[in-house]
A.B. asks: 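First, the structure itself, so that you have it in front of you.
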Amino acid sequence: MDSFLRQNDRDIDGLSLRYIWVNGPVIVGAGPSGLATAAGLREKGVPFVVLERADCIASLWQNRTYDRLKLHLPKQFCELPKVPFPEDYPEYPTKRQFVDYLESYAQRFEINPQFNKCVQSAWYNETSGLWSVRTVAVGDSASPSPAEVVYICKWLVVATGENADFIVPEIEGLGEFSGEVIHAGDYKSGEKFAGKKVLVVGCGNSGMEVSLDLCNYNACPTMVVRSSVHVLPREVLGKSTFELAVILMKWLQLWLVDKLLVIVAWLILGNLEKYGLKRPKVGPLQLKNTKGKTPVLDIGTLQKIRSGEIKVVPGIKRFSKCQVELVNGEILQVDSVILATGYCSNVPSWLNENEFFSKNGFPKSPFPNGWKGKSGLYAVGFTRRGLSGVSCDAIRVAEDLWKVWKDETCRAQMSKTTSAGHRRCISQF
């Protein structure tokens with residue numbers, strides 16, 4: 001393993017503790033962000049270590065997504081650097097196809113993450129100029145005690161992404177509800193909910209698609225829409241709405257493109273306010289860039305809402321044993337609750353740093369300047385621009401790391417050569 005060198009093993013209070021020196025960057029996260037960065041480094045000959053808390057790459061895609069999921073954008077906007085999707089893939093690849101693509105990508109660039117390594121903390125030592133990344137082994141039932149490893153490195157790449165952990169809202173009485181309560185990340189299909197009254201909390205892409213999937217399995221979904229939401233057609237005249245927006249952005253200002261998207265949505269989808277779906281005053285692209293709130297791309301949910309198969313209701317006031325009271329006073333009997341309430345960054349929980357990252361776990365500097373901090377700290381996958389933003393960050397980070405690693409390696413080699421020369425000179429006397 002040429003990318004790291006073991007330095008020290010210790011046993012503290014029965015806990016196996018190991019220190020490992022990494023002759024290159026440590027990348028935290030083996031999702032698309034971590035893989036794209038690692039691929040760029042591999043091409044340039046820079047050694048690295050990828051740490052992943054799960055037992056597989058792209059664990060969000062493999063373990064926390066529903067079966068019917070497809071990429072929301074055309075495949076050309078979701079490719080990782082250097083490798084296009086196979087030509088026989090559909091325009092919107094399925095979840096399984098995307099995972100296969102990522103696994104093939106990792107094999108191609110010989111990326112072998114250290115799985116089941118959950119990062120507990122990472123901190124920078126000003127005196128030594130080094131990062132310490134402390135991990136604990138998880139998911140290893142054969143180990144009598146969790147083995148801790150501290151990776152020491154000069155460069156740290158945060159690639160855990162925007163969606164590392166579930167967001168579970170605090171709702172009065174939810175703990176008293178007697179039915180099943182799950183997050184959308186644990187939802188696979190509507191099969192087991194057939195014939196049941198299911199309350200879906202949230203109206204983003206996940207909430208909309210989960211409601212549609214429940215409908216297709218003969219469940220009775222009710223979707224809670226607490227705030228305004230942009231709903232756009234996935235395609236306009238056979239062309240992806242996202243692709244259309246990208247083309248328009250080359251010629252027009254963002255605010256004008258937003259105006260055009262809203263007009264097109266109204267012409268194709270009609271007035272959605274009468275169905276309980278109010279549009280925000282801020283345009284869809286501006287809202288995505290500033291708040292990270294992605295517009296919903298409709299794939300059939302609106303038809304079910306119009307037909308009454310999916311009921312839309314306002315916010316929740318409180319839960320009781322087997323029912324929910326809404327803010328408008330309406331009371332609903334429900335069997336199960338699915339929280340499609342989104343995800344968040346987990347960076348503040350383990351990274352001891354407050355200059356580059358903000359409290360919400362995103363870089364303080366907006367795109368395209370949020371990929372590099374001080375003291376060898378980098379970030380990939382926090383652009384709020386999906387997989388295309390991931391690729392953009394990964395290319396910049398890999399290029400920059402290659403330069404600084406190359407300079408560092410040259411200085412180290414020169415230092416060794418100079419030291420050896422001094423020894424030879426001394427030995428002549």
A.B. asks: Can you find a pair of side-chain heavy atoms, one from Leu297 and one from Leu73, that are under 4.5 Å apart?
C.D. replies: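 Yes; the side chains approach each other to less than 4.5 Å.
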
A.B. asks: Could you walk me through whether Leu285 and Leu261 satisfy the side chain to side chain contact (heavy atoms under 4.5 Å, CB included) test, starting with their C-alpha distance in whole Å, then the side-chain angles of each, then the deciding distance to 0.1 Å, before giving a yes or no?
C.D. replies: CA-CA 9 Å; Leu285 297 182; Leu261 288 177; 4.0 Å; yes

A.B. asks: For atom CD of Glu191, decide whether the heavy atoms of other residues, nucleotides or ligands shown that lie under 6.0 angstrom number more than 12.
C.D. replies: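 12 or below, so no.
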
A.B. asks: Look only at the side chain of Asp213 and the backbone of Gly190, and say whether a donor-acceptor pair between them is shorter than 3.5 Å.
C.D. replies: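 Indeed, once roles are kept as given, a pair shorter than 3.5 Å links the two residues.
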
A.B. asks: For Asp100, is there any backbone N or O sitting under 3.5 Å from a side-chain donor or acceptor partner on Tyr105?
C.D. replies: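 Checking the backbone N and O of Asp100 against the side chain of Tyr105, no donor-acceptor pair under 3.5 Å is found.
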
A.B. asks: Please check this pair: side chain of Tyr101 against backbone of Glu79, looking for a donor-acceptor N/O pair closer than 3.5 Å.
C.D. replies: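 No; judged by distance alone, with no hydrogens or angles, the pair does not exist.
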
A.B. asks: Between Phe382 and Phe357, is the ring-ring contact (aromatic ring centres under 6.0 Å, His included) condition met? List the steps.
C.D. replies: CA-CA 10 Å; Phe382 297 89; Phe357 279 91; 5.6 Å; yes

A.B. asks: Using a cut-off of 6.0 Å, state whether more than 12 heavy atoms not belonging to Leu267 lie near its atom CG.
C.D. replies: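 Yes.
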
A.B. asks: For Lys374, is there an ion pair with Glu355 - N to carboxylate O distance below 4.0 angstrom?
C.D. replies: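 Salt bridge present between Glu355 and Lys374.
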
A.B. asks: Please check if the side chain of Ser59 supplies one atom and the backbone of Cys56 the other of a donor-acceptor pair under 3.5 Å.
C.D. replies: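 Not confirmed, Ser59 side chain does not pair with Cys56 backbone.
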
A.B. asks: With a 4.5 Å heavy-atom cut-off, do Glu209 and Leu69 have their side chains touching?
C.D. replies: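 A side-chain contact under 4.5 Å exists here.
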
A.B. asks: Without swapping roles, check the side chain of Glu52 against the backbone of Asp55 for a donor-acceptor pair under 3.5 Å.
C.D. replies: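 Not confirmed, Glu52 side chain does not pair with Asp55 backbone.
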
A.B. asks: Take Tyr66 and Ser206, measure what side chain to side chain contact (heavy atoms under 4.5 Å, CB included) needs, and give me the verdict at the end.
C.D. replies: CA-CA 9 Å; Tyr66 37 93; Ser206 292; 4.1 Å; yes

A.B. asks: May I ask you to check whether over 12 heavy atoms, not counting those of Lys403, lie within 6.0 Å of atom NZ?
C.D. replies: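 Count not over threshold, so no.
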
A.B. asks: Both conditions, 6.0 Å and 45 degrees, for the charged tip of Lys406 above the ring of Trp402: are they met here?
C.D. replies: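 Relative to the ring axis of Trp402, which defines the angle, Lys406 lies inside both limits.
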
A.B. asks: With a 4.5 Å cut-off on side-chain heavy atoms, are Val296 and Cys203 touching?
C.D. replies: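 Answer no - side chains too far apart.
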
A.B. asks: Show every donor-acceptor pair shorter than 3.5 Å between a side-chain atom in residues 331-340 and any protein atom, with sequence neighbours excluded, or say none if there are none.
C.D. replies:
{"unit_1": "Gln333", "atom_1": "NE2", "unit_2": "Gln323", "atom_2": "OE1", "d": "2.7"}
{"unit_1": "Asp335", "atom_1": "OD2", "unit_2": "Lys197", "atom_2": "N", "d": "2.8"}

A.B. asks: Considering only heavy atoms from C-beta outward, does the side chain of Pro295 approach that of Leu287 to under 4.5 Å?
C.D. replies: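 No - every pair of side-chain heavy atoms lies 4.5 Å or more apart.
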
A.B. asks: For a 4.5 angstrom cut-off between non-hydrogen side-chain atoms, does Cys392 reach Phe367?
C.D. replies: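 Cys392 reaches Phe367 side chain to side chain.
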
A.B. asks: By the side chain to side chain donor-acceptor pair (under 3.5 Å) test, which pairs, at least two apart or in different chains, include something from residues 358-367?
C.D. replies: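 Listed by first then second residue: Ser358-Asn360.
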
A.B. asks: Contact between Gln76 and Ser388 at the side-chain level, heavy atoms closer than 4.5 Å - yes or no?
C.D. replies: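 They are not in side-chain contact.
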
A.B. asks: By ring pair (Phe, Tyr, Trp, His ring centres under 6.0 Å), which residues pair with Trp371, not counting sequence neighbours?
C.D. replies: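 In terms of ring pair (Phe, Tyr, Trp, His ring centres under 6.0 Å), with neighbours along the sequence ignored, Trp371 is linked to no residue.
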
A.B. asks: List in chain and number order the residues that pass ring pair (Phe, Tyr, Trp, His ring centres under 6.0 Å) with Phe242, two or more places apart in sequence or in another chain; answer none if no residue qualifies.
C.D. replies: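 If we apply the ring pair (Phe, Tyr, Trp, His ring centres under 6.0 Å) test to Phe242, skipping adjacent residues, the hits are Phe77.
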
A.B. asks: Of the non-hydrogen atoms in Ile27 and Gly34, which two are nearest, and what is the gap between them?
C.D. replies: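 In this case the closest contact between Ile27 and Gly34 is CG2-CA, 3.8 Å.
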
A.B. asks: Tell me every residue that passes salt bridge (Lys or Arg N to Asp or Glu O under 4.0 Å) with Glu103, counting only those two or more places apart in sequence or in another chain.
C.D. replies: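 Arg96.
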
A.B. asks: Determine all donor-acceptor pairs shorter than 3.5 Å in which one atom belongs to a side chain in residues 276-284; sequence neighbours excluded.
C.D. replies:
{"unit_1": "Arg279", "atom_1": "NH1", "unit_2": "His230", "atom_2": "ND1", "d": "3.4"}
{"unit_1": "Arg279", "atom_1": "NH1", "unit_2": "Val231", "atom_2": "O", "d": "3.3"}
{"unit_1": "Arg279", "atom_1": "NH2", "unit_2": "Val231", "atom_2": "O", "d": "2.8"}

A.B. asks: Less than 4.5 Å apart, side chain to side chain, heavy atoms only: is that true for Val157 and Val26?
C.D. replies: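 No, their side chains stay 4.5 Å or more apart.
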
A.B. asks: Got a sec, which residues hit salt bridge (Lys or Arg N to Asp or Glu O under 4.0 Å) with Glu408, two or more places apart in sequence or on another chain?
C.D. replies: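 Scan of Glu408 (salt bridge (Lys or Arg N to Asp or Glu O under 4.0 Å), adjacent residues dropped) gives Lys154, Arg411.
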
A.B. asks: Which atom pairs, one a donor and one an acceptor, fall under 3.5 Å between side chains of residues 82-92 and the rest of the protein, sequence neighbours left out?
C.D. replies:
{"unit_1": "Tyr89", "atom_1": "OH", "unit_2": "Gln97", "atom_2": "O", "d": "3.1"}
{"unit_1": "Tyr92", "atom_1": "OH", "unit_2": "Glu235", "atom_2": "OE2", "d": "3.2"}

A.B. asks: Any chance CZ of Arg64 has more than 12 other-residue heavy atoms, nucleotides or ligands included, within less than 6.0 Å?
C.D. replies: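 For Arg64, atom CZ is crowded (more than 12 foreign heavy atoms under 6.0 Å).
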
A.B. asks: Do Asp400 and Lys372 sit within salt-bridge range, that is, some charged N less than 4.0 Å from a carboxylate O?
C.D. replies: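 Counted as a salt bridge, because a side-chain N and a carboxylate O are separated by less than 4.0 Å.
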
A.B. asks: Starting from the C-alpha separation in whole Å, work towards a yes-or-no answer on salt bridge (charged side-chain N to carboxylate O under 4.0 Å, His left out) for Glu180 and Lys192.
C.D. replies: CA-CA 11 Å; Glu180 182 180 17; Lys192 72 173 184 177; 3.0 Å; yes

A.B. asks: Can you confirm whether the side chains of Lys95 and Thr65 place a donor and an acceptor under 3.5 Å from each other?
C.D. replies: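 A pair is found: one side chain offers a donor N or O, the other an acceptor, under 3.5 Å apart.
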
A.B. asks: Between Tyr378 and Asp393, do the side chains contain an N or O donor and an N or O acceptor separated by less than 3.5 Å?
C.D. replies: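 No - no donor-acceptor pair under 3.5 Å links their side chains.
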
A.B. asks: Does the side chain to side chain donor-acceptor pair (under 3.5 Å) test come out yes or no for Asn352 and Tyr124, once each step is laid out?
C.D. replies: CA-CA 8 Å; Asn352 298 324; Tyr124 182 73; over 6 Å; no

A.B. asks: Before you tell me yes or no, could you show the steps for Thr294 and Asn205 under side chain to side chain contact (heavy atoms under 4.5 Å, CB included), namely the whole-Å CA-CA distance, both residues' side-chain angles and the distance that decides it to 0.1 Å?
C.D. replies: CA-CA 8 Å; Thr294 304; Asn205 279 295; 3.8 Å; yes

A.B. asks: Check Lys317 with Glu330, please: is the shortest side-chain N to carboxylate O separation under 4.0 Å?
C.D. replies: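 No, this pair does not count.
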
A.B. asks: With sequence neighbours left out, write down each residue that passes ring pair (Phe, Tyr, Trp, His ring centres under 6.0 Å) with Trp61, or none if nothing qualifies.
C.D. replies: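 Expected list: Phe98.
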
A.B. asks: Ring pair (Phe, Tyr, Trp, His ring centres under 6.0 Å): which pairs involve residues 272-326, sequence neighbours left out?
C.D. replies: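 Qualifying pairs: Phe177-Phe319.
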
A.B. asks: Would you tabulate the side-chain donor-acceptor contacts of residues 159-170 under 3.5 Å, counting partners in other chains and residues two or more places apart, or write 'none'?
C.D. replies:
{"unit_1": "Glu162", "atom_1": "OE2", "unit_2": "Thr383", "atom_2": "N", "d": "3.4"}
{"unit_1": "Glu162", "atom_1": "OE2", "unit_2": "Arg384", "atom_2": "N", "d": "2.6"}
{"unit_1": "Asp165", "atom_1": "OD1", "unit_2": "Arg53", "atom_2": "NH1", "d": "3.3"}
{"unit_1": "Asp165", "atom_1": "OD1", "unit_2": "Arg53", "atom_2": "NH2", "d": "3.2"}

A.B. asks: Quick one: closest heavy-atom pair of Lys188 and Asn63, and the distance?
C.D. replies: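 Heavy-atom minimum between the residues: NZ-O, 2.9 Å.
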
A.B. asks: Going by the ring pair (Phe, Tyr, Trp, His ring centres under 6.0 Å) test, which pairs reach into residues 250-269, not counting sequence neighbours?
C.D. replies: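 Those involving residues 250-269 do not exist here.
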
A.B. asks: Without swapping roles, check the side chain of Gln62 against the backbone of Ile57 for a donor-acceptor pair under 3.5 Å.
C.D. replies: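 Pair found, side chain donor or acceptor close to backbone of Ile57.
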
A.B. asks: Given side chain to side chain contact (heavy atoms under 4.5 Å, CB included), test Glu148 with Arg18 step by step and report yes or no.
C.D. replies: CA-CA 6 Å; Glu148 289 199 14; Arg18 193 157 50 118; over 6 Å; no

A.B. asks: So Asn23 and Trp405, do their side chains get closer than 4.5 Å, heavy atoms only?
C.D. replies: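 A side-chain contact under 4.5 Å exists here.
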
A.B. asks: Treating Thr241 as the side-chain partner and Arg234 as the backbone partner, does any N or O pair qualify as donor plus acceptor under 3.5 Å?
C.D. replies: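 Between the backbone of Arg234 and the side chain of Thr241 there is a qualifying donor-acceptor contact (under 3.5 Å).
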
